[in-house]
Each structure stands twice: as C-alpha cells, then as structure tokens.
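Chain identifiers are assigned alphabetically (A, B, ...) following the order of the sequence lines, protein sequences preceding nucleic acid strands; residue numbering begins at 1 within each chain. What you see is a predicted model, and the numbers here were worked out from it, not measured in a lab.
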Amino acid sequence: MPVLLHDTMTRETLPLLPRRADGTYGMYCCGPTVYGPAHIGNFRTFVLQDTLRRVLETEGLRVRHIRNITDVDDKTIRGAQAAGKTLAEFTRGWTEKFHRDCAALNLLVPHVEPGAVAHIPQQVRMIEALVARGHAYVAKDGSVYFKVCSCPDYGKLSHLDRSRLATQSTNSAGEANDADEYDRESAADFALWKARKPEDGANFWPSPWGEGRPGWHIECSAMSLEHLGATFDLHAGGVDLCFPHHENEIAQSECATGVKGFAAHWFHSAHLMVEGAKMSKSLGNLFTLDDLAAKGWSPMEVRWALLAGHYRSPLNFTFKGLEDARSALAKLERAADALLAAAGFSRAEFAPPSVNETQVTWGRFAAAWERLRDDLNVPGALGEAFKALAAPAADAAQARQDVAGLARLLHALGILPFQERPALAVPEAVAALAARRWEAKQARDFAAADRLRAEIAAAGWTMLDRKDGYDLRPS
RNA sequence: GGUGCGGUAGCCAAGUGGUAAGGCCGGGCUCUGCAAAAGCCCCAUUCGUCGGUUCGAUUCCGACCCGCACCUCCA
C-alpha cells in the first residue's frame, strides 16, 4: 500500500510511487529566501515537507530530497547593502541561521541544498534554450522574458484561465506591479533574466544578453533539472507559490527541455494564521523560533503545534495552541515511559527503526500509521495514537511491539520525545526566595514556606515542588 | 469577478450512508503539609442554514449564508 497524497494539478488523491527505474523518489521543495530569519509560517511548510519525506522513508522509499536556497533577489540584495556586507556574506549568515532552526525543529537535512548563485550557468543555459525555441524574447534593456502565449497549456496547475491573465486589470495585485514592468509584450510574461540596474551594486553576472541576474522562477527550473532531471516525482511549496511561481516553473521547464510532465505530483501546504490574523510585519506577528524560545517554548512544542492541523487547511497558530501542544507532548511522553517500563526497556532503547528493517512492527499503532499514510493526516494519526495509548499494554510482548510501533510513528512525524526543555533564566531574587522556601519546607516550617510561595508568586513565578527539589516557571 | 479551501463541543481537530476519534480547557474523585503534578471518571441526542435522495445523512445532491486563501515575484 503506497502513501496517498492530494495532488494540486489533478485535484485527486493519488499514490506516491517512484517513477525512476532505480526506485529513488525525487522531491524538490522550494526553500527559503535567505534575507532574514525564517518565521513559523515558513516552517509550517518545511515541517510538512519533512514529515512527508519521513512518511515516505518509513514506507520504505529511498527519497532524494532537494531544497533550494534563494540567495539572490531584490530582498537579499537590499538586505546585504543595508548590512554593509557582500551578498555572499549576508546570505551565508542567514543560511546558517536557517540550518540551526531546521536542526532544532528536527528537520532532516536535504540531500542537496542548491543555491541560485551557484547555478547561474545552468539558468543561463535554460534561458538560451527557451530563446532558441521561441519561448522567450530579449527586451530592449537586455532583460529576457518568457512568452506565456507560446505555452498552450500555461495555467494547468493553478487552473487559471489564460485569456484572463493578460487582460485582467481589476485584480488586487495589478496596481503594485511596477517593479517588473520593463517592456514586456504581455502583462502575463515574466522575467527570466533581469538586466543589470545601478541598484544591483556588484551583484550581476555575464550572459549572452549582457550583465544582469536571473529572475526568480528560473532558478528552481534549472536546479531541479540539474539535480533531479527533466521529470521527477514531487514538487512542494506553500500555496502561495502555486501561482505564479510553480506555474512558471512548469512552463519554463517543459518548454526548455521539450519534455512534458515536469513534476508528477504537486504538494502545496496551506498557510499559517497567527491568533486569527494573517501574518504580517505590521501586525508584529511574524514569530521566529527565537521569539518563541524567548517565551519558553521548545522547538518540539513548536513542531507539534505546527503539525496540529491538516496540511490542506489553514492553521491558526496561537499561544493556546502551544500550551495544548506542550500538554499533549508531555502526556505522550508519560505514556511512552509507561510503555517502555512495561516492555522492560530504557529510554535509550526508544530509537527510530532502521530504514532497512524488514520486520515492520506497528503494535497498536497500525491505525495511526494508516492515517498518516492517507494524505498525511497528522491530526488523525495523533488521535489514533492517543486512543491506542489509553489502555495499558496487555503484556510485555505487546508492550515491546508497541514501543517499536510508537517509535516508528514518532520518527515518521519527526517528534523527538524526552527532549530537555531549555531552562528559563530565573531572576536571582526569585531563585533566592525559592531556596529559602525549600529550606523552610524541609524544616516543616509551613507558615514560612507559604509566605515565601506568595512572595514568589508576587514576583510573577510559580514554584513547583518535586520529591527531591523544585522547578520554577513564570506564572 | 475568477479559482480553490473550509464552517463538527468553551478552544484545537479527525471522521463515517447506520447513528460523533483524539488533544486542550473545565468539573468530580484519589493522592498530597499547601500549591502543582499524576491516576481514574465525567464533559456534542449533535456536525453553518434550508430543501432533496434514502429504511436511515453530519456524511450524497441542490440552493443559500458565513469565513479564509490565491489571482505576477509572499512558505
């Protein structure tokens, strides 16, 4: 039974099967533009892509995962100039930050992470092919545009009517489109190569059409061709990329190579809302992982919260949702501990299964896995997992099966249990009060202990007693 | 206007032509100097509205209402 996933192009839920003879499953994911820290909206998409990859690998497929880094565009150039750095220095810094965040969220490292700047020749070659085949034209200033009307099935992914694309004037985005208004033959045509402008600074490259830089869409076409070939299994991104980015990629790639069927399957994840509102800088709700860490939320709690909804529905990210995630994760960890104890295992033995393991054991988590395999239904899978966990294992043998199944399931979800939560910085005064209260409690001076508890509460902290000590957390 | 997604308990969120998973919160009990935690139990006669098909619909069909997203460079 293969993994099933909804496909944007056909609008059907289809099996995910490798098309290559060698059995590898090639997936290309549109990665970040590295001009600042990625926010949780970006990470919802990357977490979902990572989860899909994990599910495919758990199913036994050998996945080849490509995720690009966009390291040249208006935003990166402006950012580098504002920071007084070269483009390469600037984007390297943000790429490294991105990698740290990905690691914290337990995202598997892609097999290749190609960058646009490192693939200029490939992009130029593809543009040359498009010009040679009559799918692109050179404008007066040396920019090159893709001729949308030369591609009869343009619009097949987003199901947009081509006749409307060129003529529409009342759409919401029509107004703010001056940046690329050079001298296109049609409003629907898009830039493949942008002629050098003064504001580009040192960021230009030679080409047959003069100095300049590649347009945005062409990088993914060139890099997917370079690393996966003219056709490959799956292409992923956020819903916003469906049009025009992915539509343009299809047009460029298929027209340049002459091979139809650029990507066999399209995986788009819905956007994230924050506290019921669209994320935007003006609302100040563009949280980064660091923002959330500063408020005491661990990356695993964030990952859980980001996975809490089905990928095709918009997810409303809230602090209540993070609290839910924290409680649910803690509950899962307790249940896992109980299972480990029943099986006679230690936490160290709660390891993900090896990829080549032939004996696939799901124990009582088979139903959860079925959910996951059917259109990446994470909420359904979690529901089944908790249902399975509600009753204790019948005996040690079942507990051992369950441990294997749960470990496998959590590995597929990328959930790492038993992570240390980062300790919050406790103010010295509060720490001192807590120490005094602990002493008072040990001396059974409960009146003093209660008084100190109240003082700690007044300072905004809650003291939680354990048998052998205590924890402090902001109240 | 076009295209798409969705409206299920206080919140989040699955799901099915046969009578509503799960998580969070809340309530009760047990345990416990107190507090918290934990364990156990309880918590939607009902699935946006109105029709239709059906022995039976939340699930299929139609209409309507509401929300959201995209419609040229935002994951």
Side-chain angles (χ1 to χ4, degrees), chain A residues 8 11 29-33 38-49 70 73-75 148 155 158-161 164-165 168 170-174 176-177 179-181 184 187-191 194 215-217 236-245 247-248 268-273 276 278-281 304-305 308-310 312-318 320-332 334 338 367-368 371 377-390 441 444-447 449-450 453-454 456-457 462-467 470-471 473 475:
Chain A
T8 310
R11 294 173 179 170
C29 302
C30 287
T33 302
H39 55 69
I40 50 172
N42 298 314
F43 280 120
R44 179 188 195 196
T45 296
F46 300 134
V47 164
L48 251 5
Q49 291 165 353
T70 297
D73 80 324
D74 292 346
K75 292 190 290 288
V148 166
S158 44
H159 308 282
L160 291 174
D161 182 355
R164 295 181 52 82
L165 289 173
Q168 60 185 324
T170 53
N171 70 65
S172 60
N177 194 25
D180 291 307
E181 285 290 352
R184 288 180 283 182
D189 293 351
F190 55 90
K194 297 181 166 192
W216 173 40
H217 312 296
V239 273
D240 55 303
L241 296 187
C242 187
F243 184 87
H245 184 58
E247 199 69 71
N248 293 351
H268 288 108
S269 40
H271 272 184
L272 194 68
M273 314 270 289
K278 184 177 175 172
M279 291 194 310
S280 71
K281 282 196 177 114
W304 188 293
H310 187 87
R312 275 194 283 143
S313 300
L315 177 69
N316 188 19
F317 187 90
T318 61
K320 170 69 164 56
L322 278 170
E323 279 168 31
D324 290 1
R326 171 173 290 175
S327 300
L329 184 57
K331 180 172 183 166
L332 185 93
R334 286 194 303 275
R371 295 302 189 90
N377 187 348
V378 176
L382 290 175
E384 291 292 349
F386 277 109
K387 199 157 73 170
L389 253 6
K441 182 187 169 180
R444 304 194 68 79
D445 179 358
F446 297 126
D450 287 349
R453 175 185 285 289
I456 292 165
T462 302
M463 187 164 173
L464 303 172
D465 293 1
R466 297 191 314 265
K467 276 204 179 79
Y470 55 87
D471 297 310
R473 67 143 205 244
S475 44

Partners passing side chain to side chain donor-acceptor pair (under 3.5 Å) against [X] (at least two apart in sequence or in another chain):
X: Asp189(A); answer: Tyr137(A)
X: Ser158(A); answer: Glu247(A)
X: His310(A); answer: none
X: Arg453(A); answer: none

Might you list the N or O atoms of the protein lying below 3.5 Å from N or O atoms in nucleotides 9-12 of chain B, with each pair's distance?
none

Classify the angle between the aromatic ring planes of Trp216(A) and His245(A) as parallel (below 30°), tilted (30 to 60°) or perpendicular (above 60°). parallel

Considering only atom [atom1], compute the distance from [N] to [M] and round it to an integer number of Å.
N: U19(B); M: U58(B); atom1: C1'; result: 10 Å
N: G56(B); M: A63(B); atom1: P; result: 23 Å
N: G2(B); M: C60(B); atom1: C1'; result: 27 Å
N: A21(B); M: C42(B); atom1: P; result: 13 Å
N: G17(B); M: A13(B); atom1: C1'; result: 23 Å
N: G6(B); M: A14(B); atom1: C1'; result: 14 Å
N: C64(B); M: G1(B); atom1: P; result: 12 Å
N: U30(B); M: U49(B); atom1: P; result: 41 Å

What stems show up for RNA chain B when you take Watson-Crick pairs (N1-N3 plus N6-O4 or O6-N4) and G-U wobbles (N1-O2, O6-N3), both under 3.5 Å, and require three or more consecutive pairs?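 Stems for RNA chain B, defined as runs of 3 or more consecutive pairs: B:1-7 with B:65-71, B:10-12 with B:22-24, B:26-30 with B:38-42, B:48-52 with B:60-64.
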
From [options], pick the nucleotide closest to the side chain of [X]?
X: Leu464(A); options: A75(B), A36(B), G15(B); answer: A36(B)
X: Met273(A); options: C68(B), A14(B), A75(B); answer: C68(B)
X: Phe386(A); options: A14(B), G23(B), A75(B); answer: G23(B)

Using the closest heavy atom to pick a nucleotide of RNA chain B for each, name whichever of Thr45(A) or His159(A) lands nearer the 5' end. His159(A)

Taking the nucleotide of RNA chain B with the nearest heavy atom to each, does Phe190(A) or Ala325(A) sit closer to the 5' end?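 Of the two residues, Ala325(A) wins.
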
Report the residues that fulfil salt bridge (charged side-chain N to carboxylate O under 4.0 Å, His left out) with [X], sequence neighbours left out, ordered by chain and then residue number.
X: Arg466(A); value: Asp468(A), Asp471(A)
X: Asp73(A); value: Lys75(A)
X: Lys387(A); value: Glu384(A)
X: Asp240(A); value: none

Could you pull out all residues at least two apart from Pro32(A) that satisfy side-chain contact (heavy atoms from CB on, under 4.5 Å)?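 Counting only residues at least two positions away or on another chain, Pro32(A) forms a side-chain contact (heavy atoms from CB on, under 4.5 Å) with Val34(A), Phe46(A), Ile69(A), Phe98(A).
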
Note, Leu322(A) side chain near Trp304(A) side chain (heavy atom, < 4.5 Å):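 Answer no - side chains too far apart.
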
Less than 4.5 Å apart, any side-chain heavy atom of Pro314(A) and any of His271(A)? no

Within the structure, does a side-chain N or O atom of [X] lie under 4.0 Å from either OP1 or OP2 of [N]?
X: Asn377(A); N: G15(B); result: yes
X: Lys387(A); N: G23(B); result: no
X: Arg11(A); N: G4(B); result: yes
X: Arg334(A); N: A38(B); result: yes

Taking any heavy-atom pair under 4.0 Å as a contact, classify [X]: base, sugar-phosphate, or nothing.
X: Leu48(A); answer: nothing
X: His271(A); answer: base
X: Leu241(A); answer: sugar-phosphate
X: Gly237(A); answer: sugar-phosphate
X: His217(A); answer: nothing
X: Gly383(A); answer: base

Considering only nitrogen or oxygen atoms on both sides, find all protein atoms under 3.5 Å from nucleotides 29-33 of chain B and state each distance.
residue : atom : partner   : partner atom : Å
G33(B)  : O6   : Arg437(A) : NH1          : 3.0
G33(B)  : N1   : Asp450(A) : OD1          : 2.9
G33(B)  : N2   : Asp450(A) : OD1          : 2.7
G33(B)  : N2   : Asp450(A) : OD2          : 2.4

Can a donor-acceptor pair be found, under 3.5 Å and without considering hydrogens, that links the side chain of Arg44(A) to the backbone of Ala270(A)? yes

Quick one: Leu272(A) CG to C68(B) P, roughly how many Å, whole number?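 Those two atoms, CG and P, are 16 Å apart.
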
Return the value, rounded to whole Å, for the distance between atom CZ of Arg312(A) and atom C1' of G6(B).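 Going from CZ in Arg312(A) over to C1' in G6(B) covers 11 Å.
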
